Amino acid sequence: MQVGKYNFMNRIKVLIFLLASFLIQACDKIEKVDTPVFDAYLEKENYLVGDTVDIKFKGDPGFITLYTGILGNDYGFKEGRDLEMSYLMNFDTQVLDGWQKDQLSILVSKNFDGDYTISGVNKATWFDITSKFRMLKPQETRVYTTSGLGDITSAIFEDKQHEEVDVYFAVKHVVKNQNLQSELDASKKNIASLNRVRGIAIQKVSPVSETILYNHASFGWKLFSTTNKETDRATLFPTYIELRGNRLAANLSAETEDWAVSGKMSFSRSVYAGPDWGKSIKSLNDKRLNNYKISYDKPGDYKITLVAFNSNSEGRREIIKQLQIKILPR
(Lines give C-alpha, C1' and ligand atoms only; values in the text may rest on other atoms or scores of the structure.)
Protein backbone atom coordinates (compact mmCIF):
# COMPACT_ATOMS: atom_id res chain seq x y z
CA MET A 1 0.00 0.00 0.00
CA GLN A 2 2.78 2.38 0.81
CA VAL A 3 4.43 1.70 -2.57
CA GLY A 4 1.19 2.42 -4.43
CA LYS A 5 0.69 5.64 -2.51
CA TYR A 6 4.28 6.65 -3.27
CA ASN A 7 3.82 6.01 -7.04
CA PHE A 8 0.58 7.96 -7.07
CA MET A 9 2.25 10.97 -5.45
CA ASN A 10 5.12 10.79 -7.95
CA ARG A 11 2.63 10.81 -10.82
CA ILE A 12 0.94 13.93 -9.37
CA LYS A 13 4.29 15.67 -9.06
CA VAL A 14 5.17 14.82 -12.66
CA LEU A 15 1.80 16.13 -13.88
CA ILE A 16 2.26 19.37 -11.93
CA PHE A 17 5.76 19.77 -13.34
CA LEU A 18 4.57 19.17 -16.90
CA LEU A 19 1.66 21.62 -16.48
CA ALA A 20 3.96 24.28 -15.06
CA SER A 21 6.40 23.77 -17.92
CA PHE A 22 3.58 24.11 -20.44
CA LEU A 23 2.33 27.31 -18.82
CA ILE A 24 5.82 28.79 -18.75
CA GLN A 25 6.33 27.98 -22.41
CA ALA A 26 2.91 29.40 -23.28
CA CYS A 27 3.63 32.62 -21.39
CA ASP A 28 7.00 32.90 -23.12
CA LYS A 29 5.25 32.47 -26.43
CA ILE A 30 2.63 35.17 -25.59
CA GLU A 31 5.22 37.64 -24.37
CA LYS A 32 7.35 37.42 -27.48
CA VAL A 33 6.46 40.13 -30.03
CA ASP A 34 8.38 40.09 -33.29
CA THR A 35 9.16 43.22 -35.28
CA PRO A 36 7.01 42.98 -38.40
CA VAL A 37 8.49 42.37 -41.81
CA PHE A 38 6.85 45.02 -43.95
CA ASP A 39 7.37 47.36 -46.89
CA ALA A 40 5.12 49.57 -49.03
CA TYR A 41 5.63 51.16 -52.43
CA LEU A 42 3.85 52.92 -55.30
CA GLU A 43 4.30 52.40 -59.01
CA LYS A 44 4.53 56.18 -59.54
CA GLU A 45 4.50 59.43 -57.56
CA ASN A 46 2.13 61.65 -59.60
CA TYR A 47 -1.61 61.08 -60.00
CA LEU A 48 -4.63 63.09 -61.08
CA VAL A 49 -7.55 64.01 -58.84
CA GLY A 50 -9.87 61.00 -58.68
CA ASP A 51 -7.24 58.49 -59.86
CA THR A 52 -6.89 55.19 -58.03
CA VAL A 53 -3.70 55.13 -55.98
CA ASP A 54 -2.76 51.48 -55.52
CA ILE A 55 -0.41 50.98 -52.55
CA LYS A 56 1.50 47.68 -52.77
CA PHE A 57 2.62 45.79 -49.65
CA LYS A 58 5.32 43.27 -48.82
CA GLY A 59 5.23 41.22 -45.64
CA ASP A 60 2.37 40.22 -43.38
CA PRO A 61 2.19 42.23 -40.14
CA GLY A 62 -0.61 41.61 -37.68
CA PHE A 63 -1.98 45.13 -38.01
CA ILE A 64 -1.73 47.99 -40.55
CA THR A 65 -2.94 51.56 -39.94
CA LEU A 66 -3.17 54.01 -42.83
CA TYR A 67 -2.77 57.80 -42.82
CA THR A 68 -3.53 59.31 -46.25
CA GLY A 69 -2.17 62.78 -45.39
CA ILE A 70 -5.52 64.55 -45.76
CA LEU A 71 -6.99 66.75 -43.03
CA GLY A 72 -8.06 64.55 -40.11
CA ASN A 73 -6.01 61.61 -41.36
CA ASP A 74 -2.46 63.02 -41.33
CA TYR A 75 0.28 61.24 -39.37
CA GLY A 76 2.08 64.54 -38.85
CA PHE A 77 -0.79 65.69 -36.63
CA LYS A 78 -1.43 62.50 -34.67
CA GLU A 79 -0.67 64.40 -31.45
CA GLY A 80 -3.21 67.10 -32.28
CA ARG A 81 -3.57 70.22 -34.43
CA ASP A 82 -4.82 73.80 -34.29
CA LEU A 83 -7.07 74.86 -37.17
CA GLU A 84 -6.74 78.43 -38.44
CA MET A 85 -10.05 80.27 -38.48
CA SER A 86 -11.44 82.68 -41.07
CA TYR A 87 -14.30 85.09 -40.45
CA LEU A 88 -16.71 86.19 -43.17
CA MET A 89 -19.31 88.95 -42.85
CA ASN A 90 -22.35 89.54 -45.02
CA PHE A 91 -25.51 91.65 -45.00
CA ASP A 92 -28.17 93.11 -47.30
CA THR A 93 -28.59 96.78 -48.16
CA GLN A 94 -31.45 98.77 -49.64
CA VAL A 95 -31.05 102.31 -51.03
CA LEU A 96 -34.19 104.30 -51.84
CA ASP A 97 -34.18 107.59 -53.74
CA GLY A 98 -31.58 110.29 -53.15
CA TRP A 99 -28.31 111.07 -54.89
CA GLN A 100 -25.56 111.14 -52.26
CA LYS A 101 -22.72 108.67 -52.74
CA ASP A 102 -20.86 106.64 -50.12
CA GLN A 103 -23.19 107.36 -47.23
CA LEU A 104 -22.63 103.99 -45.56
CA SER A 105 -19.38 102.54 -44.24
CA ILE A 106 -18.60 99.41 -42.23
CA LEU A 107 -15.97 99.87 -39.52
CA VAL A 108 -14.17 97.79 -36.89
CA SER A 109 -12.33 98.91 -33.73
CA LYS A 110 -10.19 97.20 -31.12
CA ASN A 111 -9.90 100.11 -28.70
CA PHE A 112 -13.46 101.44 -28.49
CA ASP A 113 -14.14 101.70 -24.75
CA GLY A 114 -17.91 101.23 -24.76
CA ASP A 115 -18.78 104.95 -24.63
CA TYR A 116 -21.75 104.94 -27.00
CA THR A 117 -21.69 108.62 -27.91
CA ILE A 118 -20.30 110.64 -30.81
CA SER A 119 -17.39 111.77 -28.63
CA GLY A 120 -16.85 108.13 -27.56
CA VAL A 121 -16.52 106.78 -31.11
CA ASN A 122 -14.29 109.69 -32.09
CA LYS A 123 -11.84 108.72 -29.34
CA ALA A 124 -11.47 105.22 -30.79
CA THR A 125 -9.49 104.03 -33.80
CA TRP A 126 -11.71 102.60 -36.53
CA PHE A 127 -10.61 100.55 -39.55
CA ASP A 128 -12.75 100.89 -42.67
CA ILE A 129 -13.65 97.49 -44.17
CA THR A 130 -16.36 98.77 -46.55
CA SER A 131 -14.32 97.82 -49.63
CA LYS A 132 -14.74 94.14 -48.74
CA PHE A 133 -18.46 94.31 -49.59
CA ARG A 134 -20.75 95.17 -52.48
CA MET A 135 -22.41 98.44 -51.56
CA LEU A 136 -25.37 99.79 -53.53
CA LYS A 137 -25.08 103.08 -55.39
CA PRO A 138 -27.84 105.72 -55.36
CA GLN A 139 -30.57 104.97 -57.92
CA GLU A 140 -29.01 101.56 -58.72
CA THR A 141 -31.96 99.47 -57.56
CA ARG A 142 -34.75 99.65 -55.02
CA VAL A 143 -34.55 96.03 -53.83
CA TYR A 144 -32.44 94.54 -51.04
CA THR A 145 -29.12 93.38 -52.43
CA THR A 146 -26.55 91.11 -50.79
CA SER A 147 -23.11 92.45 -49.93
CA GLY A 148 -21.49 89.10 -50.65
CA LEU A 149 -19.18 87.43 -48.17
CA GLY A 150 -16.37 89.73 -47.12
CA ASP A 151 -13.32 88.17 -45.43
CA ILE A 152 -12.70 90.28 -42.30
CA THR A 153 -10.07 88.01 -40.72
CA SER A 154 -7.12 90.31 -41.44
CA ALA A 155 -8.99 93.30 -40.00
CA ILE A 156 -9.75 91.45 -36.77
CA PHE A 157 -6.22 90.05 -36.35
CA GLU A 158 -4.40 93.01 -37.88
CA ASP A 159 -1.57 92.94 -35.32
CA LYS A 160 -0.89 89.20 -35.91
CA GLN A 161 0.11 88.72 -32.26
CA HIS A 162 -2.91 87.78 -30.19
CA GLU A 163 -4.80 84.50 -30.29
CA GLU A 164 -7.92 86.01 -28.72
CA VAL A 165 -9.26 89.42 -29.82
CA ASP A 166 -12.23 91.54 -28.74
CA VAL A 167 -13.57 94.03 -31.30
CA TYR A 168 -16.52 96.30 -32.01
CA PHE A 169 -18.26 96.79 -35.35
CA ALA A 170 -20.02 99.91 -36.56
CA VAL A 171 -22.30 100.95 -39.39
CA LYS A 172 -21.57 104.63 -39.96
CA HIS A 173 -24.01 106.82 -41.92
CA VAL A 174 -22.90 110.24 -43.14
CA VAL A 175 -25.20 112.81 -44.75
CA LYS A 176 -23.50 115.81 -46.37
CA ASN A 177 -25.04 119.18 -47.28
CA GLN A 178 -28.24 118.31 -49.16
CA ASN A 179 -28.59 121.80 -50.68
CA LEU A 180 -25.55 121.34 -52.91
CA GLN A 181 -25.74 120.17 -56.50
CA SER A 182 -25.59 116.41 -56.97
CA GLU A 183 -22.36 115.00 -58.35
CA LEU A 184 -24.36 112.30 -60.13
CA ASP A 185 -26.97 114.52 -61.80
CA ALA A 186 -26.39 118.26 -62.17
CA SER A 187 -30.13 118.89 -62.37
CA LYS A 188 -30.70 117.36 -58.92
CA LYS A 189 -29.90 118.49 -55.42
CA ASN A 190 -27.62 116.33 -53.29
CA ILE A 191 -30.56 114.75 -51.46
CA ALA A 192 -29.68 111.85 -49.12
CA SER A 193 -31.03 108.37 -49.72
CA LEU A 194 -32.98 106.24 -47.31
CA ASN A 195 -30.56 103.43 -46.41
CA ARG A 196 -31.43 100.13 -44.79
CA VAL A 197 -28.99 97.47 -43.61
CA ARG A 198 -30.41 94.11 -42.60
CA GLY A 199 -29.31 90.65 -41.50
CA ILE A 200 -25.68 91.40 -40.64
CA ALA A 201 -24.00 88.11 -39.77
CA ILE A 202 -20.50 86.70 -39.27
CA GLN A 203 -19.55 83.16 -40.22
CA LYS A 204 -16.74 81.25 -38.54
CA VAL A 205 -14.98 79.08 -41.13
CA SER A 206 -12.41 76.36 -40.51
CA PRO A 207 -11.07 73.81 -43.01
CA VAL A 208 -13.70 71.37 -41.76
CA SER A 209 -16.77 73.43 -40.82
CA GLU A 210 -18.76 76.63 -41.28
CA THR A 211 -21.03 78.06 -38.58
CA ILE A 212 -22.82 81.34 -37.90
CA LEU A 213 -20.92 82.91 -35.03
CA TYR A 214 -22.98 86.11 -34.72
CA ASN A 215 -26.31 87.02 -36.26
CA HIS A 216 -27.87 90.48 -36.53
CA ALA A 217 -29.59 90.35 -33.16
CA SER A 218 -26.51 89.11 -31.28
CA PHE A 219 -24.46 92.15 -32.34
CA GLY A 220 -26.17 94.10 -29.53
CA TRP A 221 -26.52 97.26 -31.63
CA LYS A 222 -26.77 100.72 -30.09
CA LEU A 223 -27.69 103.68 -32.31
CA PHE A 224 -26.84 107.36 -31.74
CA SER A 225 -26.41 110.49 -33.85
CA THR A 226 -24.88 113.95 -33.89
CA THR A 227 -26.95 116.57 -32.09
CA ASN A 228 -27.97 118.30 -35.34
CA LYS A 229 -29.86 115.20 -36.52
CA GLU A 230 -33.65 115.35 -36.49
CA THR A 231 -35.37 112.80 -34.27
CA ASP A 232 -36.75 109.57 -35.73
CA ARG A 233 -34.52 109.78 -38.80
CA ALA A 234 -32.38 106.84 -37.64
CA THR A 235 -34.05 103.75 -36.18
CA LEU A 236 -33.06 100.30 -34.94
CA PHE A 237 -35.42 97.48 -35.79
CA PRO A 238 -35.04 93.82 -34.67
CA THR A 239 -33.69 92.67 -38.06
CA TYR A 240 -32.46 95.87 -39.75
CA ILE A 241 -31.12 99.40 -39.31
CA GLU A 242 -32.87 102.32 -41.05
CA LEU A 243 -30.92 105.53 -41.71
CA ARG A 244 -32.17 108.76 -43.30
CA GLY A 245 -31.01 112.36 -43.54
CA ASN A 246 -32.74 115.45 -42.20
CA ARG A 247 -35.90 116.43 -44.07
CA LEU A 248 -36.78 119.95 -42.86
CA ALA A 249 -35.60 122.68 -45.22
CA ALA A 250 -33.87 124.55 -42.40
CA ASN A 251 -31.76 121.48 -41.61
CA LEU A 252 -30.82 120.26 -45.09
CA SER A 253 -27.44 122.00 -45.15
CA ALA A 254 -26.35 120.36 -41.87
CA GLU A 255 -23.86 117.50 -42.17
CA THR A 256 -24.93 114.67 -39.86
CA GLU A 257 -23.61 111.34 -38.65
CA ASP A 258 -25.37 108.23 -37.36
CA TRP A 259 -23.52 105.39 -35.70
CA ALA A 260 -24.88 101.89 -35.06
CA VAL A 261 -22.22 100.24 -32.88
CA SER A 262 -22.16 96.61 -31.74
CA GLY A 263 -21.38 95.22 -28.34
CA LYS A 264 -17.98 93.68 -27.64
CA MET A 265 -17.45 90.62 -29.82
CA SER A 266 -14.80 87.94 -29.28
CA PHE A 267 -12.78 86.05 -31.89
CA SER A 268 -10.17 83.28 -31.77
CA ARG A 269 -7.40 83.00 -34.34
CA SER A 270 -7.44 79.20 -34.18
CA VAL A 271 -9.24 76.30 -32.52
CA TYR A 272 -7.77 73.05 -31.18
CA ALA A 273 -9.19 70.21 -33.25
CA GLY A 274 -7.64 67.27 -31.39
CA PRO A 275 -5.50 64.53 -32.97
CA ASP A 276 -5.75 63.16 -36.48
CA TRP A 277 -6.59 59.46 -36.50
CA GLY A 278 -5.36 56.66 -38.71
CA LYS A 279 -7.60 54.15 -40.45
CA SER A 280 -7.18 50.49 -39.58
CA ILE A 281 -6.98 48.51 -42.82
CA LYS A 282 -5.77 45.18 -41.40
CA SER A 283 -6.19 43.48 -38.05
CA LEU A 284 -4.83 40.26 -36.57
CA ASN A 285 -7.66 38.03 -37.81
CA ASP A 286 -7.63 39.41 -41.36
CA LYS A 287 -5.94 37.54 -44.17
CA ARG A 288 -2.71 38.83 -45.68
CA LEU A 289 -3.10 42.22 -47.36
CA ASN A 290 -1.15 42.66 -50.60
CA ASN A 291 -2.38 46.11 -51.59
CA TYR A 292 -4.81 48.89 -50.68
CA LYS A 293 -6.48 51.45 -52.97
CA ILE A 294 -7.26 55.09 -52.19
CA SER A 295 -8.04 58.28 -54.14
CA TYR A 296 -7.89 62.03 -53.56
CA ASP A 297 -10.48 64.67 -54.45
CA LYS A 298 -8.20 67.71 -54.11
CA PRO A 299 -4.84 68.48 -55.74
CA GLY A 300 -1.78 68.89 -53.54
CA ASP A 301 1.25 67.18 -52.04
CA TYR A 302 0.44 64.37 -49.60
CA LYS A 303 2.48 62.06 -47.42
CA ILE A 304 1.01 58.58 -47.08
CA THR A 305 2.02 56.92 -43.81
CA LEU A 306 1.58 53.23 -43.01
CA VAL A 307 2.10 51.97 -39.48
CA ALA A 308 2.60 48.19 -39.49
CA PHE A 309 2.80 46.50 -36.11
CA ASN A 310 2.56 43.31 -34.13
CA SER A 311 0.99 43.54 -30.72
CA ASN A 312 -0.36 41.59 -27.77
CA SER A 313 -1.10 42.29 -24.13
CA GLU A 314 2.61 42.28 -23.30
CA GLY A 315 3.99 44.60 -25.95
CA ARG A 316 4.05 46.10 -29.41
CA ARG A 317 6.64 46.38 -32.18
CA GLU A 318 6.06 48.54 -35.23
CA ILE A 319 7.61 49.76 -38.46
CA ILE A 320 6.61 52.96 -40.25
CA LYS A 321 6.67 53.48 -44.02
CA GLN A 322 6.03 56.88 -45.65
CA LEU A 323 5.37 57.58 -49.32
CA GLN A 324 5.34 61.06 -50.88
CA ILE A 325 2.68 61.64 -53.53
CA LYS A 326 1.57 64.55 -55.72
CA ILE A 327 -2.06 64.90 -56.83
CA LEU A 328 -2.50 67.08 -59.92
CA PRO A 329 -5.69 68.83 -61.13
CA ARG A 330 -7.62 66.82 -63.67
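If you're wondering where the values come from, they're calculated on a predicted model, not measured in any experiment.
No side-chain donor-acceptor contact under 3.5 Å links Asn195 and Ser193.
In terms of heavy atoms, Ile118 sits closest to Ser225 at CG1-O, 3.6 Å. Heavy atoms only, all atoms of each residue included: Glu79 and Tyr272 are closest at O-OH, 3.7 Å. Here the shortest heavy-atom pairing between Asn228 and Thr256 reads OD1-CG2, 3.5 Å. Residues Thr68 and Ile304 share a closest heavy-atom pair of O-CG1, 4.1 Å. Among all heavy-atom pairs drawn from Leu184 and Trp99, the shortest one is CD1-O, 3.3 Å. In plain terms, the two heavy atoms of Leu306 and Ala40 that are nearest each other are CD1-CB, 3.5 Å.
Tyr168 and Phe91 are assigned to two separate hydrophobic clusters, defined by single-linkage of ILVMFWY side chains at heavy-atom distances under 4.5 Å. Ile152 and Leu88 fall into different hydrophobic clusters, defined by Ile, Leu, Val, Met, Phe, Trp and Tyr side-chain heavy atoms under 4.5 Å apart, directly or through other members.
Remark: the backbone N or O of Ile156 is paired with a side-chain donor or acceptor of Lys110 at under 3.5 angstrom. A donor-acceptor pair under 3.5 Å is absent between the side-chain atoms of Tyr47 and the main chain of Ser295, judged by distance alone. At distances below 3.5 Å, not a single donor-acceptor pair connects side-chain atoms of Thr65 with backbone N or O atoms of Ser280. Judged by distance alone, the side chain of Asn190 and the main-chain N or O of Lys176 form no donor-acceptor pair under 3.5 Å. Asn111 places a side-chain N or O within donor-acceptor distance of the main-chain N or O of Thr125, the cut-off being under 3.5 Å. At least one donor-acceptor pair under 3.5 Å links the side chain of Glu230 to the backbone N or O of Leu248. Although no hydrogens or angles enter the test, the distance criterion places a donor-acceptor pair under 3.5 Å between the side chain of Arg233 and the main chain of Gly245. A donor-acceptor pair is defined here as one N or O able to donate and one able to accept, closer than 3.5 Å; such a pair exists between the side chain of Ser218 and the backbone of Asn215. Formation of a donor-acceptor pair under 3.5 Å by the Thr211 side chain with backbone atoms of Leu213 is not found in this model. Side-chain N or O atoms of Gln181 include one that pairs as donor or acceptor with a backbone N or O of Ala186 at under 3.5 Å.
Between Lys132 and Asp151 there is no salt bridge, since no side-chain nitrogen of the basic residue lies less than 4.0 Å from a carboxylate oxygen of the acidic one. Using a 4.0 Å cut-off between charged nitrogen and carboxylate oxygen, Arg330 and Asp51 count as a salt-bridge pair. A salt bridge between Glu183 and Lys101 is present, with a side-chain N of the basic residue lying under 4.0 Å from a carboxylate O of the acidic one. Between Arg317 and Asp34 there is no salt bridge, since no side-chain nitrogen of the basic residue lies less than 4.0 Å from a carboxylate oxygen of the acidic one. A salt bridge links Asp97 to Arg142: at least one charged side-chain nitrogen sits closer than 4.0 Å to a carboxylate oxygen. Salt-bridge annotation for Glu140 and Arg134: present, with a side-chain N of the basic residue lying under 4.0 Å from a carboxylate O of the acidic one. Between Asp276 and Arg81 there is a salt bridge, since a side-chain N of the basic residue sits under 4.0 Å from a carboxylate O of the acidic one. We find that Lys56 and Asp39 are not joined by a salt bridge, their nearest charged nitrogen and carboxylate oxygen being 4.0 Å or further apart. With respect to the salt-bridge test (charged N to carboxylate O, under 4.0 angstrom), the residues Asp258 and Lys229 qualify.
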Could you walk me through whether Gln322 and Thr305 pass the side chain to side chain donor-acceptor pair (under 3.5 Å) check? CA-CA 4 Å; Gln322 294 187 309; Thr305 302; 3.0 Å; yes

Evaluate side chain to side chain contact (heavy atoms under 4.5 Å, CB included) for Ile64 paired with Val307, printing each intermediate quantity in order. CA-CA 6 Å; Ile64 304 175; Val307 182; over 6 Å; no

Can you list the steps and then say if Ser268 with Glu164 is a side chain to side chain donor-acceptor pair (under 3.5 Å)? CA-CA 5 Å; Ser268 300; Glu164 304 289 332; 2.7 Å; yes

Could you give me the CA-CA distance, side-chain angles and deciding distance for Ser283 and Asn285, then say whether side chain to side chain donor-acceptor pair (under 3.5 Å) is met? CA-CA 6 Å; Ser283 63; Asn285 294 324; 5.7 Å; no

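A heavy-atom distance below 4.5 Å is found between the side chains of Ser270 and Glu163. With a 4.5 Å cut-off on side-chain heavy atoms, Gln324 and Asp301 count as touching. A heavy-atom distance below 4.5 Å is not found between the side chains of Ile55 and Tyr41.
Atoms CG and CD, from Leu223 and Glu242 in turn, are 10.5 Å apart once rounded to the nearest 0.5 Å. Here the straight-line distance linking atom CD1 of Ile70 with atom OH of Tyr302 works out to 7.5 Å at 0.5 Å rounding. Between atom CD of residue Gln178 and atom CD of residue Glu255 there is a gap of 10.5 Å, rounded to the nearest 0.5 Å.
Using the six-membered ring where Trp is involved, Trp221 and His216 have ring planes that are tilted, between 30° and 60° apart. Using cut-offs of 30° and 60° on the angle between ring planes, the pair Tyr116 and Phe112 is perpendicular.
Taking the six-membered ring for Trp, Tyr292 and Phe57 have ring centres at least 6.0 Å apart. Ring pair Phe267/Tyr87: centre-to-centre distance below 6.0 Å.
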